[in-house]
Amino acid sequence: PVSVPQPAPMQYTPVITNPSCYGYNDGEINIDSIVGGVAPFSYVWVDATTSLILASDSSYTGSLVAGTYSVIVIDNNMCTDTNWTLSIVDPPALIVTILPASFVSCYGGADGELSATAGGGTSDYQYRINGGAYTPATSGSHTFTTLSAGPHTIEVLDANGCNATVSATITQNAAITSSNSQSICNGQSITVGTSPYTISGTYPDVLTAANGCDSTVTTTLVVNVATTSTSTATSCDSYLWNGTTHTTSGTYTYTTTNANGCDSTATLNLTINNSNTGATSVTACDSYTWDGVAYTTTGTYTNTYTNAAGC
């Protein structure tokens, strides 16, 4: 009898490299060595889902996404070996969750906080916010502090260089503002907080509200002017001015309130001229003529004249 030897069956172990990140297309399948069969070998790679022939090499690095692939190995004797179920599997998707944000306590402040928790992907994780430097997390979550109000973006990078992004907006309390109008008289002042004001104008002052936040108070100040006036009068014997009768010459003042609520001071320069009297005794026969009037009987008669002072 003649013994015809036959080659050993082909045996090999595919080496599968899964995608580095969920959804990436950097997966790879390699066949490093084949035991059995008759070299040289050729290969046909097939997408098991679509049955499309993808390549004919010992390795398939054609940017593989997750899925099922097949390889047909053909030796020099045209013998074949087919492996239909070569699976490339995505790592878990990297997911970032933001916890409820803390608001900024005072308008324009920077005491807001955001905490993010990463899962999936490949640990360990690094975190950064708003394009800053990455910070390794000591646990599965990381908290960013001293944040101002507005939108913020947190990025997480896993051990494979995969990243995930999530955004959140920090709110803030409304600005505390108020306004008031004040009027004073010249020479007076008002104080807002620790600031005194004596001139008309609009003044903003930043005070501290009951909640410890800044409170901007805008004060509109009007400084009204006191008024003065001077008059001169000449009178005989007496002069009535603002309810008071004056009987001697002199300078008098009277202070009241003007329409703006400020002092109104009036000054009077007064001259009092006095009236004078005189008496004359006359004895005449039959009649006596005095200032054009003829008197024929004895008696006392008066006549009024204007003296040099006009009285």
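The residues of the chain are indexed from 1 along the displayed sequence. As the structure is a computational prediction, the values presented were derived from the model and not from experiment.
For the pair Ser102 (side chain) and Glu113 (backbone), a donor-acceptor distance under 3.5 Å is present. Looking only at distances, no side-chain donor or acceptor of Asp158 sits under 3.5 Å from a matching main-chain atom of Ser123. In this structure, Asp214 contributes its side chain and Ile176 its backbone to no donor-acceptor pair below 3.5 Å. Panel note: side chain Asp90, backbone Gly23; a donor-acceptor pair is recorded below 3.5 Å. The backbone N or O of Val223 sits less than 3.5 Å from a side-chain atom of Ser200, completing a donor-acceptor pair. A donor-acceptor pair under 3.5 Å links the side-chain atoms of Ser235 to the main chain of Ser238, judged by distance alone.
Below 30°, between 30° and 60°, or above 60°: for Trp241 and Tyr254 the angle between ring planes is above 60°, a perpendicular geometry. The aromatic rings of His142 and Tyr127 lie parallel to each other, with less than 30° between the two planes, well short of the 60° mark.
Side chain to side chain, Gln126 and Asp124 fail the donor-acceptor criterion of an N or O pair below 3.5 Å. A donor atom on one side chain and an acceptor atom on the other are found under 3.5 Å apart for Ser115 and Thr143. In summary, the side chains of Gln182 and Asn180 do present a donor paired with an acceptor at a separation below 3.5 Å, with no hydrogens or angles considered. Using modelled atom types and a 3.5 Å distance limit, the side chains of Thr227 and Ser264 yield a donor-acceptor pair. Asn269 and Thr251 are linked by a side-chain donor-acceptor pair at a separation below 3.5 angstrom, with hydrogens and angles left out of the test. Tyr24 and Asn160 are not linked by any side-chain donor-acceptor pair at a separation below 3.5 angstrom, with hydrogens and angles left out of the test.
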Distance-only check: which donor-acceptor pairs under 3.5 Å involve side-chain atoms of residues 72-81, not counting sequence neighbours?
| from | atom 1 | to | atom 2 | distance (Å) |
| --- | --- | --- | --- | --- |
| Asp75 | OD1 | Asn77 | N | 2.9 |
| Asp75 | OD1 | Met78 | N | 3.1 |
| Asp75 | OD1 | Cys79 | N | 2.8 |
| Asp75 | OD2 | Val38 | N | 3.1 |
| Asp81 | OD1 | Tyr12 | OH | 2.9 |

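Of the candidates Ile88, Thr85, Ile16, Tyr69 forms a side-chain contact (heavy atoms from CB on, under 4.5 Å) with just one, namely Ile88. Results of the side-chain hydrogen bond (donor to acceptor under 3.5 Å, both in side chains) test with Tyr197 over Thr219, Asp205, Thr191 single out Asp205 as the only residue that passes. Put simply, the residue from Thr234, Leu270, Asn273, Thr271 that forms a side-chain contact (heavy atoms from CB on, under 4.5 Å) with Ser249 is Thr271. Considering Leu221, Asn260, Asn224, Thr198 as possible partners of Ile184, the one that fulfils the side-chain contact (heavy atoms from CB on, under 4.5 Å) test is Leu221.
Contact annotation: the side chain of Thr202 approaches that of Thr218 to within less than 4.5 Å [non-hydrogen atoms, C-beta and beyond].
Take Ser167 and apply the side-chain hydrogen bond (donor to acceptor under 3.5 Å, both in side chains) test, not counting sequence neighbours, and it matches Thr153.
When the shell of 6.0 Å around OH of Tyr22 is examined, it contains 12 or fewer heavy atoms from other residues, nucleotides or ligands. Heavy atoms of other residues, nucleotides or ligands lying less than 6.0 angstrom from OH of Tyr252 number more than 12. Atom CG of Leu240 sits in a crowded spot, with more than 12 heavy atoms from other residues, nucleotides or ligands closer than 6.0 Å.
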